[in-house]
4 protein chains.
Amino acid sequence: MDIPVKSAETPRWERRKEARPSELMDAALELFVEKGFAATRLDDVAKRAGVSKGTLYLYFDSKEDLLKAVVREGYVARIADAEAYARAFTGTSAELLRDIMGMWWTQVGATPMAGITKLMIAEAGNFPELARFYHDEVMHRGMGLFTYALQRGIASGEFRPVNLEHATRLCCAPVVMTMIWKHSLGLCTHDELVPEAYFETHLDMLLRGLRSA
Amino acid sequence: MDIPVKSAETPRWERRKEARPSELMDAALELFVEKGFAATRLDDVAKRAGVSKGTLYLYFDSKEDLLKAVVREGYVARIADAEAYARAFTGTSAELLRDIMGMWWTQVGATPMAGITKLMIAEAGNFPELARFYHDEVMHRGMGLFTYALQRGIASGEFRPVNLEHATRLCCAPVVMTMIWKHSLGLCTHDELVPEAYFETHLDMLLRGLRSA
Amino acid sequence: MDIPVKSAETPRWERRKEARPSELMDAALELFVEKGFAATRLDDVAKRAGVSKGTLYLYFDSKEDLLKAVVREGYVARIADAEAYARAFTGTSAELLRDIMGMWWTQVGATPMAGITKLMIAEAGNFPELARFYHDEVMHRGMGLFTYALQRGIASGEFRPVNLEHATRLCCAPVVMTMIWKHSLGLCTHDELVPEAYFETHLDMLLRGLRSA
Amino acid sequence: MDIPVKSAETPRWERRKEARPSELMDAALELFVEKGFAATRLDDVAKRAGVSKGTLYLYFDSKEDLLKAVVREGYVARIADAEAYARAFTGTSAELLRDIMGMWWTQVGATPMAGITKLMIAEAGNFPELARFYHDEVMHRGMGLFTYALQRGIASGEFRPVNLEHATRLCCAPVVMTMIWKHSLGLCTHDELVPEAYFETHLDMLLRGLRSA
DNA sequence: AATGAATGAGTATTCATTCAT
DNA sequence: CATGAATGAATACTCATTCAT
């Protein structure tokens with residue numbers, strides 16, 4: 001049994017109990033988004049996080065469990081923040097729509113986490129339970145924010161009465177599409193699209209469409 | 001992929017010889033869309049098409065080749081038809097927008113082929129070449145139809161001048177999102193959404209936003 | 001994609017659909033007996049049977065399934081034969097005992113299958129379902145043969161009345177022990193023991209103990 | 001394996017310091033016997049002993065070393081006691097046989113240590129050196145006790161002359177089998193067998209078989 | 001053309017062992 | 001002494017691909 005000589009500067013490992021899970025989830029997020037669930041090797045996740053493969057299993061029961069953690073961790077807090085913001089908002093509903101959309105893009109759409117949406121779309125068929133969680137806790141609640149703003153504007157007479165379900169989706173679709181696009185087909189083109197400007201146009205058109213009278 | 005010339009007599013057991021490739025692609029399409037590329041087993045594709053796994057390799061060089069064929073097959077001729085339709089159109093640009101959207105939904109969005117879009121989004125990262133093909137030959141040309149209609153309306157004074165790139169995307173986003181939704185998260189809920197009605201609202205809002213003056 | 005040049009004399013594989021399962025079970029029996037269940041690698045089983053690891057999975061669902069097949073296959077037919085023999089036997093009960101014991105040793109004890117007994121003892125804790133099968137279908141039925149002979153001898157007055165349960169076990173124990181011994185501790189000594197002679201002594205002593213009056 | 005000298009004062013938390021090795025061996029014995037060597041996880045051994053996995057390595061060099069310690073520990077002194085008892089015995093040889101068998105069962109067979117026999121049978125193939133130790137120091141010496149009693153009885157004319165090797169094994173087989181049974185297949189049935197009564201029958205039959213004249 | 005038995009590279013997962021704290 | 005986070009070698013199992021029939 002040979003005991004390897006340890007070099008002074010590279011300890012074989014280091015205790016990181018608290019930091020590990022999020023380091024691992026960060027690494028996993030990047031790879032899952034880039035390659036998809038199946039094509040991501042746990043070896044690579046571990047390597048990117050700078051640990052051995054075995055270490056992954058100290059924190060997550062399985063590859064699927066890791067995916068779940070990434071998805072759950074990524075979103076929920078952010079949505080709750082936005083809900084609180086909306087409830088406390090006192091300006092016009094048009095401003096509220098603009099703010100929600102802006103926060104969504106800044107805090108999610110422009111971050112690596114936007115890839116989660118693409119991921120969930122790709123894997124919904126393979127993880128029905130997770131898909132339902134994502135649908136209920138992320139998509140539905142996220143869309144609820146827009147429904148709230150629209151309803152608020154209609155109630156105040158700021159907007160004309162419209163089908164809420166439809167209008168909600170019309171608010172979200174361009175944002176979601178942009179997030180998805182960035183992580184899929186957008187990878188193979190050199191888009192000139194500036195999301196912020198695009199969303200300005202979106203809001204402009206939308207508000208014209210919602211204007212009462 | 002050479003498809004053999006069919007001999008003059010057609011004994012019963014040979015009946016389907018030239019139908020094989022598309023039967024296989026149909027089976028593959030369903031499974032790729034449902035499970036994703038990696039999670040689809042060629043065993044299952046073959047079983048669904050009622051042939052043995054070996055037979056797949058008579059028609060396709062590899063799993064990847066099958067995916068490419070499925071994607072390429074999916075869009076053949078349809079866009080060209082729509083392009084011809086648009087060029088020949090003589091009504092208002094609003095009507096043209098409505099027609100293009102309607103055809104797109106009817107001929108693609110409402111068919112299993114809508115799943116290809118989801119598929120490409122999921123696999124774009126792993127098959128850049130295929131993604132580029134899909135982007136250039138399908139998405140870009142498809143979006144070009146809307147750009148054409150918008151440009152036509154602006155030129156005629158029917159629409160106010162808007163950023164064409166942005167407006168094009170705003171036209172498409174709700175349709176693409178609906179196609180994707182149907183094949184992913186939509187699977188785990190019982191949506192009440194009626195696409196046709198939704199697109200009516202979409203057009204209504206859009207045209208209000210485009211109205212000149 | 002390089003296609004390897006095939007050498008004339010070693011086809012990469014050969015169709016053996018009928019013969020495969022028993023070839024694989026033979027190989028597995030040897031290794032399971034020699035090394036135990038856990039220490040046997042399926043790679044080695046495959047190699048010993050002259051096939052690839054994947055081929056194993058064409059015939060058996062899992063390592064555990066392979067073990068079950070080996071155990072089931074090994075025994076049941078032999079027991080049924082012996083039961084038929086006993087029922088049809090017309091000589092003295094002492095002769096029947098001797099014959100049963102002789103057949104048991106010749107057809108099982110002296111063959112590699114004796115190792116299954118050792119295997120089941122080692123793995124009973126890990127495969128309760130299999131252990132129960134073995135207990136019910138092999139041990140219990142095997143012991144039943146001796147019970148039958150003893151009962152027959154007592155009924156005819158050839159043997160004195162004895163506790164049947166105890167006597168049955170006393171008949172079997174030396175035979176089972178010899179089988180187990182051969183495949184465990186016996187491996188590390190150079191036993192002079194000649195099983196046939198030992199069983200002669202066993203029968204001689206046993207029959208003295210059973211003699212009526 | 002060095003057991004550190006215990007310091008004079010014994011604070012409460014140190015109380016068990018010198019008991020550790022045997023607590024660990026007790027835990028290991030139970031698990032090795034129940035699951036076999038390979039299927040026993042050191043994590044579980046440590047948990048059952050109420051220590052961390054690392055602690056195991058303070059006392060034992062490896063899993064194999066632990067097994068060796070468990071086996072060696074199991075028999076210590078007991079055989080020597082029985083040998084002394086036999087040498088000093090002054091009654092009939094039949095009584096001596098009964099006593100030896102009774103002590104063996106009471107002090108070993110009926111205790112968890114009986115499981116060691118099963119363990120060695122299961123693992124003899126994988127640990128030849130340990131198997132040889134167990135064979136020489138336990139089985140052979142244990143059987144020697146019966147050989148001694150038999151020889152004594154033949155010399156005194158109490159027993160008829162028999163093949164000593166054979167008779168010794170015939171004495172032991174039912175006892176060993178009962179120990180093994182209890183820890184393997186016996187686990188999956190509700191045996192009515194009362195070992196003490198069974199051994200009475202065994203001795204009765206045996207002595208009838210040994211009776212001179 | 002079609003089959004399906006056989007292959008073997010690829011990967012998720014386990015667990016004995018190490019060692020900084 | 002004791003801990004438990006970290007390691008990485010080992011292995012069961014999967015599945016795209018091949019090719020004799």
Side-chain angles (χ1 to χ4, degrees), chain A residues 1 3-4 6 11-18 20 38-46 50-64 66, chain B residues 4 7 13-14 16-17 20 38-46 51-66, chain C residues 1 3-4 6 11-18 20 38-46 50-64 66, chain D residues 4 7 13-14 16-17 20 38-46 51-66:
Chain A
M1 189 168 38
I3 297 172
K6 189 166 147 284
R12 265 201 329 120
W13 49 261
E14 203 186 341
R15 299 197 157 192
R16 303 292 309 274
K17 194 179 184 182
E18 290 76 27
R20 282 281 184 254
T40 295
R41 275 172 302 147
L42 291 187
D43 258 326
D44 289 341
V45 173
V51 300
S52 73
K53 195 167 29 166
T55 300
L56 265 172
Y57 284 86
L58 293 177
Y59 299 99
F60 305 97
D61 288 341
S62 66
K63 193 182 184 183
E64 185 172 339
L66 176 59
Chain B
S7 75
W13 61 268
E14 239 180 41
R16 322 197 118 238
K17 198 185 291 182
R20 274 284 147 71
T40 294
R41 276 171 297 154
L42 291 188
D43 258 322
D44 290 340
V45 172
V51 300
S52 75
K53 193 161 46 162
T55 301
L56 270 171
Y57 284 85
L58 296 175
Y59 297 101
F60 305 99
D61 288 342
S62 67
K63 193 185 187 184
E64 186 171 335
D65 187 49
L66 177 59
Chain C
M1 189 169 39
I3 298 171
K6 188 164 146 288
R12 264 199 334 120
W13 49 261
E14 203 186 341
R15 298 197 157 193
R16 304 291 309 276
K17 194 179 184 182
E18 290 76 26
R20 282 283 185 253
T40 295
R41 275 173 301 147
L42 290 187
D43 258 326
D44 290 341
V45 173
V51 300
S52 74
K53 192 169 32 167
T55 299
L56 264 172
Y57 284 87
L58 294 177
Y59 298 99
F60 305 96
D61 287 341
S62 65
K63 194 182 183 183
E64 183 172 339
L66 177 58
Chain D
S7 75
W13 60 268
E14 239 180 42
R16 323 196 117 240
K17 199 184 290 186
R20 273 286 148 71
T40 294
R41 274 171 297 152
L42 291 189
D43 258 322
D44 291 340
V45 172
V51 300
S52 74
K53 192 161 47 160
T55 301
L56 269 170
Y57 284 85
L58 297 174
Y59 297 101
F60 306 97
D61 288 341
S62 67
K63 193 183 186 185
E64 187 171 336
D65 187 50
L66 176 59

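Residue numbers start from 1 in every chain, and the chains themselves are labelled A, B, ... in the order their sequence lines are given, proteins ahead of strands.
Every side chain to side chain donor-acceptor pair (under 3.5 Å) that B/Thr55 has, sequence neighbours left out, goes to B/Ser52. Residues passing the side chain to side chain donor-acceptor pair (under 3.5 Å) test with C/Ser62, sequence neighbours excluded: none. Residues passing the side chain to side chain donor-acceptor pair (under 3.5 Å) test with D/Lys63: none are found, sequence neighbours excluded. Taking A/Asp61 as the reference, nothing meets the side chain to side chain donor-acceptor pair (under 3.5 Å) condition, with sequence neighbours excluded.
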Under 3.5 Å, N/O pairs linking protein and nucleotides 12-15 of chain F:
unit_1, atom_1, unit_2, atom_2, d
F/dA12, OP1, C/Lys63, NZ, 3.3
F/dA12, OP2, C/Leu42, N, 3.2
F/dC13, OP2, C/Tyr57, OH, 2.7
F/dC13, OP2, C/Lys63, N, 3.0
F/dC13, O5', C/Tyr57, OH, 3.2
F/dC13, N4, C/Lys53, NZ, 2.2

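With rounding to whole Å, B/Phe60 atom CZ is found 15 Å from F/dT18 atom P. In this entry the distance linking CG of C/Asp44 with P of F/dA10 reads 13 Å, nearest Å. A/Arg20 places its CZ atom 6 Å from the P atom of F/dT7, with the value rounded to the nearest Å. Atoms CG (D/Leu56) and C1' (E/dT18) sit 13 Å apart, rounded to a whole Å.
When all heavy atoms of B/Phe60 and B/Asp65 are compared, the pair lying nearest together is CA-OD2, 3.5 Å. In terms of heavy atoms, B/Leu56 sits closest to B/Leu66 at CD2-CD2, 4.2 Å.
One finds no side-chain N or O of C/Tyr59 lying less than 4.0 angstrom from the OP1 or OP2 phosphate oxygen of E/dA5. An OP1 or OP2 oxygen of E/dG4 is reached within less than 4.0 angstrom by no side-chain nitrogen or oxygen of B/Ser52. Residue B/Thr55 places at least one side-chain N or O under 4.0 Å from the OP1 or OP2 atom of E/dT3.
Remark: DNA chain F takes part in the stems E:2-21 with F:2-21, each of 3 or more antiparallel Watson-Crick or G-U pairs, criterion distances under 3.5 Å.
Here the straight-line distance linking atom CG of B/Asp43 with atom NZ of B/Lys53 works out to 4.0 Å at 0.5 Å rounding.
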